Amino acid sequence: MRRTTIHAVLPFWFCLCGFVLPAMAWEREALPAFHERRARLVRETGGDGIIIMFGYGDAEVASSVTMFRQNETFYYLTGWNEPRAMMMLVPRSPKAGRQGPEIEKEILFIPPHDTRPSSYHGELWEGPKLGPEDADAPARTGFPIVKSTTLFQAELQEALKSFSKVYAEMTPQPESGEECFIQDMQARLKKAAPLVTFVDFRENILRQRMVKSPGEIALIRKAADASVEAHLAAMKTVRPGVWEYEVAARMQYEFQRRGCEWPAYPPIVGSGFFSTVLHYDTNSRQMQDGDVVVMDVAGSYGGYTSDITRTLPVNGKFTSRQKEIYEIVLAAADAAIAAAKPGMYLGRRGKKGLHEIAYDYVNSHGKDMHGKRLGQYFIHGLSHSVGLNVHDPFDFEQPLEPGMIVTIEPGIYIREEKLGVRIEDDILITETGCEVLTRRLPRSVEAIERAMAER
Ligand SMILES: [Mn+2]
């Protein structure tokens, strides 16, 4: 569904269903895709325990300073993008005589309708919401049972008559900042069910999230396409005298007007010396003639990220030294892309490791000002997975499989020369190799100089 369509039919939905979308339009996969993930989680945990997950609420997302962003695992399993929700999956009871990992109950708990005038999170302040009382709640959520969050305790006690094990997220997702959320969820669950055994299901979710569904791939394509347009616009914006934040602003405008809800990560537009600073995000310098500028900028669409970097000569023409370094990075990226296929590894694995392939190229071509090899200037990893997170959960010990989407992003950063170059594309692993999702965006020196000359 396109956003324009959503807006066009919104008044119609208001009247017909009394149901309303979240304030922000948001494309999501078809509801059966989320059910499939829940069913797989029950299957893979063996059906011997209740599966519980909480969504984010007011403690995790400060709504006065930011838009609501759902917990990734919760969104992955439910597709539900509203605060203060909970999920419970109850497998078929062993007592029922039919062993097996089928789901007996799939329950989504959401807050009841709240129309009190002074309620900060009520519907007078935040707009009409779906309530558990609404007849169409199952159809709208894909959950056969939708209940009020006030009934969670009672439902848990009922399920505990058949099970003594609860699967929940017991460890935070790396880099997520969700440590407090996980601790709080555990404390609440242990208080509610002091006698049960808790088992972490993060490993199961990790394995599922590493390989993208067709619906996820479609959303990442949209994020990548909109972000490619942002980079094309940047190629016509960058020139001496322009400020880095102007480029960042133009890029965000371009991907957001194409439906991205927010940047996939803080935009990095670093020129001159700052081209060598990996996580420079103040974007506060005026670009000078003779600089290169590294633009690591991309949007997120329907919750799914892309991640793209290009390095441009600020005046539209690379110097011979800039061109030399740029082409080493480009060839390293090309070597890794050419080698990317099922069975290869992202990390260091000798001839089977894409990082090794790119690093070896960098380290065997060109020299710094002291005649030293360039490998020492390639200071970060080659690749990571993208998905709901721009650094999506990934097990680097596992080989690549069809359906994985990862970045390829070698870089060389020579501070002494104020010269940083990174080139980053997103690739989809296929049966026989890979598809570069960002291939429309100029990469070669000639193509970039041509695109910049067209402004
Ligand atoms: Mn990246």
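Quantities reported herein were computed from a predicted structural model and do not represent experimental measurements. Just so you know, these numbers use all the heavy atoms, side chains as well, and skip hydrogens, waters and symmetry mates. When a ligand or atom number is given, it counts from 1 through the structure's own listing order.
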- Item | Face-on cation placement of R38 at F143 ring, 6.0 Å and 45° thresholds | yes

min-distance N/O/S atom, E409 vs the Mn ion (ligand 1), resolves to OE2

- Query: When the ring planes of H380 and F378 are compared, do they come out parallel, tilted or perpendicular, using 30° and 60° as the limits?
  - Reply: perpendicular

Taking the Mn ion (ligand 1) as the apex, E424 OE2 and D307 OD2 span an angle, rounded to 10°, of 90°

Fill in: H384 near the Mn ion (ligand 1): N/O/S under 2.8 Å
yes

| Would you say the side chains of D281 and Y265 form a donor-acceptor pair under 3.5 Å? | no

- Does F274 have R285 sitting over its ring (NZ/CZ under 6.0 Å from centre, angle to axis within 45°)? no

